[in-house]
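Written below as structure tokens is the structure these notes are about.
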Amino acid sequence: MRIAARNDVLSFLGATSFDEEQLRLLGIMRERAVVYQDDLDFLDIFWDLSIPDALDHLIEGRADAAGEWAGCAYNTALQLIIACNSSDPVEVGCFRNPIVYFSELDDELGRCGVPQELRPFQYLFAGPPIEIPFRIPGSLEGYPEVGHLSLSRAKDVADAYRAVIDKIDKGFVDDLEVLTKGLEFEHDEWVRSQEEELDWYNPDTIFFWTN
């Protein structure tokens with residue numbers, strides 16, 4: 001997961017002009033897109049669209065390439081945009097099949113009384129922010145995928161997990177503890193930035209992704 005200002009990410013999607021800093025970041029994105037595609041080529045993986053082309057499409061304000069795997073390329077390109085506008089990443093787990101795992105965790109949290117809107121699946125696989133003015137297709141198998149959660153909601157989510165962490169199946173405890181601590185830390189930093197009126201701190205969203 002990473003924290004970022006949602007508007008910083010959105011400013012690259014369908015942009016008509018860039019300032020000097022945005023041009024610098026765009027150059028980094030393009031370099032990383034080429035490296036990522038080279039890695040896919042080495043593994044003989046092609047998602048109906050190259051990552052550099054997917055990045056160009058998003059910058060142009062579209063995600064309309066044909067092909068059932070194009071969503072993988074678009075979500076990877078979106079991850080590159082987020083990465084260049086966000087904090088360093090924090091790993092919250094390694095899962096063989098994240099969709100299945102978090103579906104089961106959601107069910108377990110529901111059994112313990114956690115409301116559906118606070119369960120991990122609802123934001124980990126929420127897709128891109130709804131403010132994006134065009135639809136970005138999802139990935140067929142749940143990765144690479146982008147999710148998001150407003151920092152203003154992080155405490156409510158973390159508190160809900162803290163309330164039941166001693167009740168859930170022990171197989172989920174360690175992963176839920178890592179996720180909960182991450183949410184608590186980011187919320188505390190967000191509150192501190194507001195209390196101290198830190199001009200340099202502007203993130204408002206936690207972005208998640210699987211890859």
Side-chain angles (χ1 to χ4, degrees), residues 1-102 123-129 131-149 175 178-179 182 203 205-211:
M1 70 181 188
R2 296 173 182 263
I3 58 168
R6 191 173 304 198
N7 284 340
D8 287 349
V9 174
L10 295 174
S11 69
F12 283 89
L13 303 173
T16 57
S17 63
F18 298 102
D19 61 27
E20 185 175 342
E21 175 61 10
Q22 287 175 315
L23 287 173
R24 184 186 71 83
L25 294 177
L26 185 57
I28 295 173
M29 294 174 203
R30 295 192 189 282
E31 291 174 0
R32 292 180 179 178
V34 171
V35 171
Y36 201 112
Q37 186 60 48
D38 287 344
D39 290 342
L40 292 179
D41 291 343
F42 178 78
L43 297 172
D44 198 26
I45 295 173
F46 185 65
W47 286 330
D48 295 316
L49 180 71
S50 75
I51 307 305
D53 285 345
L55 178 61
D56 285 343
H57 285 193
L58 296 184
I59 300 302
E60 293 166 7
R62 63 189 182 98
D64 54 3
E68 62 179 354
W69 292 97
C72 295
Y74 284 128
N75 276 275
T76 298
L78 180 58
Q79 290 175 1
L80 296 177
I81 294 174
I82 295 169
C84 283
N85 288 277
S86 64
S87 65
D88 291 335
V90 175
E91 186 173 295
V92 294
C94 182
F95 312 97
R96 183 184 298 271
N97 190 325
I99 283 186
V100 171
Y101 180 86
F102 283 102
Y123 53 86
L124 294 178
F125 298 95
E131 293 90 346
I132 294 176
F134 56 94
R135 177 181 175 272
I136 298 177
S139 302
L140 290 183
E141 297 178 347
Y143 57 90
E145 190 74 77
V146 172
H148 64 280
L149 176 71
D175 293 325
V178 171
L179 177 58
T205 303
I206 306 175
F207 285 95
F208 301 87
W209 64 64
T210 57
N211 54 21

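Only heavy atoms go into these numbers, but all of them, side chains included; no hydrogens, no water, no symmetry mates.
In this structure, Cys72 SG and Leu40 CG are separated by 9.5 Å, a value rounded to the nearest 0.5 Å. Atoms CZ and OG1, on Arg32 and Thr76 in that order, are 14.0 Å from each other to the nearest 0.5 Å. The CZ atom of Phe208 sits 9.0 Å away from atom CZ of Phe102, with the distance rounded to the nearest 0.5 Å. Taken to the nearest 0.5 Å, the CZ atom of Arg6 stands 13.5 Å off from the OG atom of Ser86.
For the pair Leu80/Ile51, a side-chain contact is recorded, criterion being any heavy-atom separation below 4.5 Å from C-beta on. Here the side chains of Thr205 and Leu149 are not in contact, with every heavy-atom distance at 4.5 Å or above.
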Residue pair Ile82, Trp209: steps toward the side chain to side chain contact (heavy atoms under 4.5 Å, CB included) verdict: CA-CA 10 Å; Ile82 295 169; Trp209 64 64; 3.6 Å; yes
Asp175/Leu179 under side chain to side chain contact (heavy atoms under 4.5 Å, CB included): CA gap, chis, key distance, verdict: CA-CA 6 Å; Asp175 293 325; Leu179 177 58; over 6 Å; no
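Scored by the salt bridge (Lys or Arg N to Asp or Glu O under 4.0 Å) test, Glu91 finds no partners at all (sequence neighbours excluded). Under the salt bridge (Lys or Arg N to Asp or Glu O under 4.0 Å) criterion, Glu60 pairs with Arg62, sequence neighbours left out. For Ser11, the side chain to side chain donor-acceptor pair (under 3.5 Å) partners two or more places apart in sequence, or in a different chain, are Gln22. When the side chain to side chain contact (heavy atoms under 4.5 Å, CB included) test is applied to Val100, the partners found at least two apart in sequence or on another chain are Asn97, Glu104. In this view, Glu21 and Arg24 satisfy the salt bridge (Lys or Arg N to Asp or Glu O under 4.0 Å) rule, not counting sequence neighbours. Gln79 meets the side chain to side chain donor-acceptor pair (under 3.5 Å) test with no other residue; sequence neighbours excluded. Residues that satisfy the side chain to side chain contact (heavy atoms under 4.5 Å, CB included) test with Ile81, not counting sequence neighbours, are Val9, Phe12, Leu13, Met29, Leu55, Leu58, Ile59, Asn85. Pro203 pairs by the side chain to side chain contact (heavy atoms under 4.5 Å, CB included) definition with Ile3, Leu151, Tyr201, not counting sequence neighbours. Residues passing the side chain to side chain donor-acceptor pair (under 3.5 Å) test with Arg2: none are found, sequence neighbours excluded. Residues meeting the side chain to side chain contact (heavy atoms under 4.5 Å, CB included) test with Arg135, sequence neighbours left out: Pro137. Under the side chain to side chain donor-acceptor pair (under 3.5 Å) criterion, Asn7 pairs with no residue at all, not counting sequence neighbours.
The shortest heavy-atom contact between Asp48 and Glu68 is OD2-N, 3.4 Å. Taking every heavy atom of both residues into account, Ala70 and Ala65 meet most closely at CB-O, 3.9 Å. For His148 against Pro128, the heavy-atom pair with the smallest separation is CE1-O, 3.5 Å. Listed here is the closest heavy atom pair of Phe207 and Pro129: CE2-CG, 3.8 Å. When every heavy atom of Ser139 is checked against every heavy atom of Glu145, the shortest pair comes out as N-OE1, 3.5 Å.
The main-chain N or O of Gly71 is found under 3.5 Å from a side-chain atom of Asn75 such that the two form a donor-acceptor pair.
Residue pairs meeting the ring-ring contact (aromatic ring centres under 6.0 Å, His included) criterion with at least one partner in residues 20-71, sequence neighbours excluded, are His57-Tyr74.
Between Gln37 and the choices Asp39, Val35, Asp41, Val34, the side-chain contact (heavy atoms from CB on, under 4.5 Å) rule is met once, by Asp41.
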